[in-house]
Amino acid sequence: MAQILLHGDLHATIYEIDKLHIGALGNFFRKVVEGVEEVLGLGETASKLYATIDLGKARVGRTRLLDADKNPRWHESFHIYCAHMASEVIFTVKLDNPIGAELIGRASIPVSTLIHGDEIDTWLEIHKNKHKSLHGHPKIHVKLQFFDVTRERCYARGLKSPKFPGVPYTFFSQRIGNKVTLYQDAHVPDNFIPRIPLSGGRYYSPHRCWEDMFDAINNAQHLIYITGWSVYTEITLVRDTRRPKAGGDLTLGELLKKKAKEGVRVLMLVWDDRTSVGMLKKDGLMATHDEETGNYFRGSEVHCVLCPRNPDDGRSIIQNIEIGTMFTHHQKIVVVDGAMPNGSDKERRRIVSFVGGIDLCDGRYDTQFHSLFRTLSTAHHDDFHQGNIQGATIQKGGPREPWHDIHCRLEGPVAWDVLYNFEQRWRKQGGKDLLIELHELQRIIIPPSAVTYPDDHETWNVQVFRSIDGGAAFGFPETPEDAARAGLVSGKDNIIDRSIQDAYIHAIRRANRFIYIENQYFLGSSFSWYSKDINVHDVGALHLIPKELSLKIVSKIEVGEAFRVYIVIPMWPEGYPETQAVQAILDWQRRTMEMMYTDIVEALRVKGIVANPKDYLTFFCLGNREVKKPGEYEPSQKPEPDTDYSRAQAARRGMIYVHAKLMIVDDEYIIIGSANINQRSMDGARDSEIAMGAYQPYHLSCKEPARGEVHGFRMALWYEHMGMLDNCFSCPETLECIHKINKIGEANWDLYTREVLEADLPGHLLAYPVGVASDGKVTQLPGTQFFPDTKAPVLGTLASYYPPILTI
């Protein structure tokens with residue numbers, strides 16, 4: 001059958017199976033399982049049935065487990081976002097066991113019967129394979145209805161209305177009457193950002209993340225709740241000598257102990273890196289300092305819990321090991337009680353939350369200058385971090401690893417959703433019941449309420465999104481019906497919140513003019529890769545974000561409307577670039593880019609347009625290069641000769657690590673959080689994540705381009721990256737703008753890679769060093785097989801045996 005594009009929403013219900021006789025189907029397999037159970041001491045574990053839904057090469061739904069000794073009745077409904085080429089919707093029935101699953105049979109229905117949007121309620125016969133029926137001719141009862149993306153109210157039109165209700169089918173509803181503070185990097189020096197005009201005669205004003213976080217913690221009176229992938233007690237939050245604060249010289253550990261001694265309830269959930277054991281290095285493979293942090297607070301009044309990424313129920317033994325050791329708690333939040341706005345009521349307090357990508361650990365403090373060498377005797381002398389060059393130390397000198405990141409502060413009703421997330425996680429993994437009962441402080445801490453008036457033009461509508469499952473969050477519903485009503489996804493007795501991916505999909509589909517992304521990773525939609533040298537079924541990077549982006553660009557080409565996508569990623573993911581893990585990720589990234597460019601090239605060909613695909617989709621990375629100045633830090637040692645370290649030091653260059661997780665759509669909607677654009681972050685059952693999506697209802701792109709805080713923030717980021725602003729930057733959808741920025745990136749890459757360094761790099765934005773062939777294939781640039789100063793291939797290397805689950 002012909003492949004058909006399903007782009008939209010598929011509503012599916014799996015009711016029941018009739019006349020299924022397992023009989024001898026699973027006898028041999030069950031004997032094997034029983035033997036394994038006996039060896040492992042698991043006792044008797046009854047086999048159970050479940051069903052899955054596949055579209056083409058992607059698994060998009062999975063039921064809970066039911067006893068296999070009778071015909072299962074699931075009555076489970078699924079809301080499935082689709083961006084898949086498929087000829088059939090396939091329902092697979094499997095018998096689950098502790099060591100894996102056994103195929104019972106499959107049933108299918110042609111996509112051509114769904115494409116027109118009719119509701120189909122039918123019984124489908126289950127076959128062992130296409131040529132063999134099962135004994136008794138069992139059938140599965142399903143209901144399906146497809147809603148094409150063009151039927152969505154806001155499709156390709158932007159938000160359009162200040163009454164936009166938020167992303168549907170999510171755990172947390174959209175909240176109104178909030179205040180949002182946006183942060184670029186951990187700190188912004190005085191007078192760095194130029195005057196960026198906003199609507200109403202205002203100008204954009206930057207904010208300082210770690211200074212604000214210090215104030216929030218230091219001024220808390222009742223509670224300080226922190227979750228982190230890494231929290232390091234030895235860092236200081238205040239480092240700008242021109243902006244001193246009382247107590248600013250305290251380390252984070254000292255500050256938290258001080259607040260706990262004052263009677264503030266300080267609770268911390270820090271990811272327990274299972275590799276932090278004696279047989280490996282002290283800090284674990286990822287150097288999170290988790291053991292060190294736990295030991296620092298042990299016996300103090302700060303309650304610090306090291307929590308592993310526990311698996312939820314419903315997985316095999318092997319899958320449980322994968323979840324517990326390979327995946328992480330990745331949320332980075334701080335929740336405190338804060339003063340009322342403008343000091344209006346000194347007796348009352350409110351909840352304030354911080355969410356984003358910046359971990360409270362070493363190596364994260366940076367400014368927009370992203371210096372490689374010049375801060376090694378000051379801000380970074382005791383905080384030298386370089387995760388990309390083997391053997392790098394402060395004693396041997398720079399380049400350090402500059403760090404670009406994004407964070408935000410939330411005030412108003414939405415701050416309570418972040419608090420509730422912490423409470424759910426603490427009740428699941430915190431151990432002792434130490435959460436403050438806020439109803440006991442209701443006379444002090446005000447309940448969730450708006451912090452802006454409805455007619456305040458600077459008000460925000462905000463929604464919290466997560467990637468998390470019942471293994472990490474307490475109180476998720478137990479039944480699929482209740483889970484669906486709560487905006488959660490169910491499968492194999494595993495309840496999942498996957499709303500971050502949903503938020504990205506919704507925002508991309510709404511986009512009208514342009515999308516700007518900064519992310520630490522960019523790989524996914526492997527079901528649509530055009531790769532012939534691998535089996536894409538084995539990859540499993542099934543989230544939709546890259547495919548949704550390419551389909552958006554294609555749809556705009558088809559109707560002749562201007563639309564651009566700008567994506568900023570690291571030069572390579574943090575780690576030594578020649579290693580197998582980094583090379584595998586770069587390989588997946590290349591395949592993702594290639595899929596997108598192939599879609600664009602084909603759309604241009606169909607329309608008879610001759611154009612560079614980079615005029616529609618363009619990738620950048622960030623880097624810096626500094627001439628040596630008098631008075632710089634002089635290291636006491638030198639790197640080993642003929643190494644990446646010695647070459648980078650001699651060339652005075654290094655990449656700026658992009659750790660941000662940001663998407664801006666049409667300058668009116670913004671997503672900020674901890675989630676990367678990879679399967680680990682978007683899956684919901686892998687790394688735990690949190691994000692927020694927000695807009696200002698008085699600053700939408702209705703009759704004219706939006707000029708609120710989101711616009712100002714993007715322009716400030718572009719100034720940081722390019723060292724300049726141009727009038728065309730206000731209209732990123734124009735050909736003039738993308739041509740200008742591509743030329744800046746190419747010029748900066750030339751300066752970054754040339755042999756002779758005559759001056760500091762004028763800007764940090766570098767064109768990502770790949771070419772795009774006429775067929776969309778991503779190619780090596782002439783003379784750029786390897787990243788500068790390394791022997792690491794830019795395009796990555798296919799790992800023959802490295803498990804994709806670790807890299808996607």
Side-chain angles (χ1 to χ4, degrees), residues 368-374 388-389 398-402 404 516 518 522 564-572 577 586 589-590 593 597 611-629 644-658 717-726 728-729 732 735-774 777-796:
Q368 294 67 48
F369 293 108
H370 297 301
S371 180
L372 301 166
F373 299 92
R374 293 173 186 163
N388 303 301
I389 298 178
R400 60 174 283 269
E401 180 182 356
H404 174 65
Y516 175 65
E518 294 184 359
F522 192 82
R564 317 292 169 192
V565 176
Y566 304 79
I567 300 176
V568 180
I569 54 179
M571 203 173 292
W572 66 81
L586 289 169
Q589 176 181 283
R590 172 187 62 81
M593 290 179 176
Y597 279 123
N612 184 345
K614 287 188 176 182
D615 289 346
Y616 299 84
L617 167 68
T618 184
F619 289 87
F620 302 95
C621 53
L622 302 179
N624 199 5
R625 203 169 182 191
E626 299 172 331
V627 296
K628 190 167 184 176
K629 286 191 172 182
D644 291 3
Y645 196 177
S646 62
R647 287 187 288 269
Q649 191 173 91
R652 304 278 298 185
R653 65 188 165 202
M655 77 157 159
I656 298 168
Y657 195 62
V658 178
L717 287 170
W718 284 20
Y719 179 77
E720 171 186 347
H721 299 333
M722 287 178 273
M724 59 163 290
L725 289 177
D726 189 278
C728 71
F729 292 180
L735 191 61
E736 177 190 6
C737 182
I738 202 165
H739 275 176
K740 176 88 175 179
I741 293 178
N742 279 338
K743 286 180 180 179
I744 290 172
E746 290 163 3
N748 286 341
W749 178 259
D750 179 66
L751 293 172
Y752 183 82
T753 56
R754 65 173 50 179
E755 289 294 323
V756 180
L757 174 64
E758 298 175 347
D760 289 354
L761 217 58
H764 299 148
L765 191 78
L766 312 177
Y768 199 82
V770 296
V772 181
S774 58
K777 185 177 178 63
V778 172
T779 62
Q780 174 184 309
L781 288 179
T784 315
Q785 180 182 358
F786 305 119
F787 290 111
D789 308 318
T790 79
K791 295 297 182 184
V794 171
L795 299 182

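Basis for what follows: all heavy atoms, side chains included, without hydrogens, waters or symmetry-related copies. For reference, positions follow the sequence shown, starting with 1.
- When every heavy atom of I389 is checked against every heavy atom of A648, the shortest pair comes out as CD1-CB, 4.1 Å.
- With 3.5 Å as the limit, one finds a donor-acceptor pair spanning the side chains of H404 and E518.
- Between P402 and L372 the shortest heavy-atom distance is CG-CD2, 3.5 Å.
- Nearest heavy atom pair, residue Y768 against residue P570, reads CE1-O, 3.5 Å.
- Proximity of the aromatic rings of Y516 and W718 is defined here by a centroid distance below 6.0 angstrom, and this criterion is met.
- Separation of the F522 and F619 ring centroids falls under the 6.0 Å cut-off.
- Distance check: L586 CG to F787 CZ gives 5.0 Å after rounding to the nearest 0.5 Å.
- A donor-acceptor pair under 3.5 Å links the side-chain atoms of R625 to the main chain of A651, judged by distance alone.
- To the nearest 0.5 angstrom, K740 atom NZ is 6.0 Å from C728 atom SG.
- Between the CD atom of E626 and the OG atom of S371 there is a distance of 3.5 Å, given to the nearest 0.5 Å.
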>> With salt bridge (charged side-chain N to carboxylate O under 4.0 Å, His left out) as the criterion, how do R374 and D760 come out once you've worked through the C-alpha distance, each side chain's angles and the decisive distance to 0.1 Å?
In response: CA-CA 12 Å; R374 293 173 186 163; D760 289 354; 2.8 Å; yes
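- Checked by atom type and distance alone, the side chain of E720 never pairs as donor or acceptor with a backbone atom of Q368 at under 3.5 Å.
- Of all non-hydrogen atoms in K614 and T618, the two that sit nearest each other are O-CB, 3.7 Å.
- Atom CZ of R754 and atom CG of L757 lie 9.5 Å apart (nearest 0.5 Å).
- L781 contributes atom CG, which lies 9.0 Å from atom CD of E746 (distance to the nearest 0.5 angstrom).
- For the pair Y752 (side chain) and H764 (backbone), a donor-acceptor distance under 3.5 Å is absent.
- When all heavy atoms of P769 and V794 are compared, the closest pair comes out as O-CG1, 3.5 Å.
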> Do V770 and L795 pass the side chain to side chain contact (heavy atoms under 4.5 Å, CB included) test, and can you show the C-alpha distance, the side-chain angles, and the key distance before you say yes or no?
Replying inline: CA-CA 8 Å; V770 296; L795 299 182; 3.7 Å; yes
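- Residues W572 and Y657 keep their aromatic ring centres 6.0 Å or farther apart.
- Considering every non-hydrogen atom in both T753 and P788, the closest pair reads CG2-CG, 3.8 Å.
- Side chain of N748 to main chain of L765: a donor-acceptor pair is present (N/O by atom type, distance under 3.5 Å, no hydrogens or angles).
- Although no hydrogens or angles enter the test, the distance criterion places no donor-acceptor pair under 3.5 Å between the side chain of R653 and the main chain of G623.
- Neither side chain, D644 nor T790, offers a donor N or O lying under 3.5 Å from an acceptor on the other.
- Side chains of L622 and H721 form a contact here, defined as non-hydrogen atoms less than 4.5 Å apart.
- At a threshold of 4.5 Å between non-hydrogen side-chain atoms, the residues E758 and V627 do not count as touching.
- Taking the centre and axis of the six-membered ring of F373, the NZ or CZ atom of R652 falls inside the cone set by 45° and 6.0 Å.
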>> Between F620 and L766, does the side chain to side chain contact (heavy atoms under 4.5 Å, CB included) criterion hold? Intermediate values first, please.
In response: CA-CA 6 Å; F620 302 95; L766 312 177; over 6 Å; no
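- For the pair R564 and Y616, the cation-pi test (distance below 6.0 Å, angle within 45°) is passed.
- In this structure, N624 contributes its side chain and H370 its backbone to a donor-acceptor pair below 3.5 Å.
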